[in-house]
Amino acid sequence: MKLVVVGGVAGGASVGARVRRLDAKAEIVIFEKGPHVSFSNCSLPYHLSETIKNSSSLVLMSPEAFDRQHNIDVRTLSEVIKIDRENKCVHVLDHRNNKTYVESYDKLVLAPGAEPILPKSIKGIDSDNVYVIRNVVDIEKLKVAIDSEDVQNVAVIGGGFIGLEAAENIKLAGKNVTLVEGLNQVMAPFDYDMAQILHKEIDDNGIDLHLNAMLNEIGDKKIIVKENDELVNLPADIVVMAIGVAPSTKLAVDAGLKIGETRGIWVNHNYQTSDSDIYAVGDAIEGYNALTHKAGRLALAGPAQRQARAAADHMYGKNHNEQGFIGSSCIRIFEQNAACTGLNEKSAKAAGYNYDSVLIFPNDKVGLMPDAHYMAFKLVFEVPTGLILGAQAIGKGDVTKRVDVIATLIRMHGTLEDLKELELCYSPVFSTAKDVTNMAALVGLNILYGDSKQVHVDEVRSLVENNAYIVDVREENEFALGHLKNAHNIPLSKLRDRMKEIPRDIPVYVHCRSSQRSYYALCCLKGNGYKNIINISGSFLGISLYEYYMDKVTKREPIVTNYNFN
């Protein structure tokens with residue numbers, strides 16, 4: 001068999017390597033239009049801060065190494081410009097000599113990836129001071145610009161994974177950074193309440209964050225953005241565009257291959273296109289969301305490698321049991337680690353689920369440990385089944401471990417009951433005996449079964465402004481450091497002695513630092529005949545993190561006397 005692959009990196013290169021393992025005699029040719037066929041594209045931004053000092057380290061495999069190790073013919077600077085399906089060949093432009101030739105195939109794999117979105121409607125988008133981050137050549141050009149003494153102010157457009165990683169690393173390189181995001185939050189896979197923690201971290205590290213802001217024009221040493229219906233000038237010697245990517249489908253379209261409803265290349269469960277001899281994998285394809293049961297796209301290296309293996313296997317008679325994707329991802333933003341999987345509340349609602357969620361702030365390891373920190377953990381589940389739909393975690397500790405647990409349970413169609421009983425590793429230096437994930441399951445079950453009632457963190461402002469009866473059960477010294485306005489401080493340690501102060505004829509909302517003591521208080525009050533006791537999800541730490549950034553950048557009246565993030 002002769003296999004031709006268009007594109008390298010995670011998808012294309014992995015197909016070639018898998019076919020070689022399956023067939024020692026196959027003829028394999030990989031075409032890559034750039035100079036590098038295999039590189040760590042997820043690591044690109046870290047060259048800007050010199051976390052990765054040499055750009056050459058980003059290149060994982062050279063054509064010579066592919067030849068020596070796998071007997072694969074890799075041709076860089078070779079762009080496939082046409083697919084001739086009838087004659088089963090491709091037309092290739094060799095950029096070294098600007099000549100075109102034809103290469104035949106038995107099986108063809110398309111792995112062209114995705115292109116950064118550069119809207120032509122933005123004036124100045126074609127300027128020399130506009131950069132993107134897609135490959136090693138891009139990051140080398142941007143690094144040269146960042147290192148220039150003439151460049152002090154950098155505008156990053158887009159608050160997704162690439163935008164945030166670029167902003168962080170450019171800031172660490174000593175430049176002034178402005179981050180512009182069109183939505184009301186960064187990192188769309190996270191819910192707004194969780195994104196507020198990231199907003200605070202970005203702001204705390206000196207990045208000028210502009211939300212609800214759309215890039216209108218790129219000028220000389222400035223950009224003009226439309227922010228809350230006003231045009232605002234912001235300093236920018238250079239601009240990094242990171243508003244998203246679009247699948248590279250031109251080859252497929254020109255060849256008459258089917259395009260999916262989300263504008264990616266349509267593939268079946270074995271990653272065959274509408275032509276059975278042509279496969280497609282990676283960022284260019286349309287996949288299947290296992291939770292929404294709809295078509296979708298997911299531009300991540302892990303899924304691309306799994307798709308590559310499945311496509312290669314099918315060429316040799318091995319069918320693939322397609323599971324779809326659930327969307328697991330993670331990022332580090334300065335000192336905060338963030339991870340998510342499955343559906344957030346927005347996507348669960350859009351998919352038509354009847355759902356609820358819990359938000360807790362336990363320690364990530366035993367509190368005696370000097371490096372113990374809070375971890376914000378949100379769990380989304382279906383009502384009334386308790387089926388786990390998704391999770392989000394942010395903290396200085398190991399959030400990926402917790403989210404990976406949830407990702408596994410989602411794959412196994414796990415429920416809150418399953419998560420409650422899950423036996424996980426424990427040592428004081430790694431976690432707590434009742435892990436964050438177990439705690440979230442227990443809280444979720446209390447809500448699901450009606451053992452307790454909650455209000456979410458985004459509802460607290462309304463409660464305070466309407467003078468609801470809120471009981472803060474932290475100790476007096478904690479209360480003095482900062483508290484909700486109009487809250488009544490009745491510490492859990494004194495609750496039984498002061499219970500008569502709490503009214504029985506109106507709703508009573510209880511909270512503490514992390515919701516644990518307030519849950520104890522709720523149980524105590526219910527056991528003493530109180531009927532309408534409601535726990536505040538996320539509690540004081542969550543409220544502080546949720547309200548802080550917006551209170552700082554708007555003129556609204558704070559509902560907290562003094563923010564305390566300890």
So, do Phe540 and His483 have ring centers that fall under 6.0 Å from each other? no
Note, Ile394 side chain near Ile333 side chain (heavy atom, < 4.5 Å): no
Tell me if the OH atom of Tyr519 is crowded by more than 12 foreign heavy atoms within 6.0 Å. no
Can you list every salt bridge (Lys or Arg N to Asp or Glu O under 4.0 Å) pair that touches residues 439-463, not counting sequence neighbours? Arg461-Glu465, Arg461-Glu547, Arg461-Asp551
How would you list, by chain and number, every residue that makes a salt bridge (Lys or Arg N to Asp or Glu O under 4.0 Å) with Glu423, sequence neighbours excluded? none
What about Tyr271 and His314, are their ring centers closer than 6.0 Å? no
Please indicate whether Arg498 has more than 12 foreign heavy atoms, meaning atoms of other residues, nucleotides or ligands, lying under 6.0 Å from its CZ. yes
Can you run down the salt bridge (Lys or Arg N to Asp or Glu O under 4.0 Å) pairs that involve residues 180-191, sequence neighbours left out, and say none if there aren't any? Asp191-Lys378
Inter- and intrachain pairs under salt bridge (Lys or Arg N to Asp or Glu O under 4.0 Å), touching residues 402-412, at least two apart: Arg402-Asp435
May I ask you to check whether Phe377 and Phe361 place their ring centers less than 6.0 Å from one another? no
Pairing residues for Glu421 by the salt bridge (Lys or Arg N to Asp or Glu O under 4.0 Å) criterion, not counting sequence neighbours: none
So which pairs with a foot in residues 291-300 pass salt bridge (Lys or Arg N to Asp or Glu O under 4.0 Å), sequence neighbours left out? none
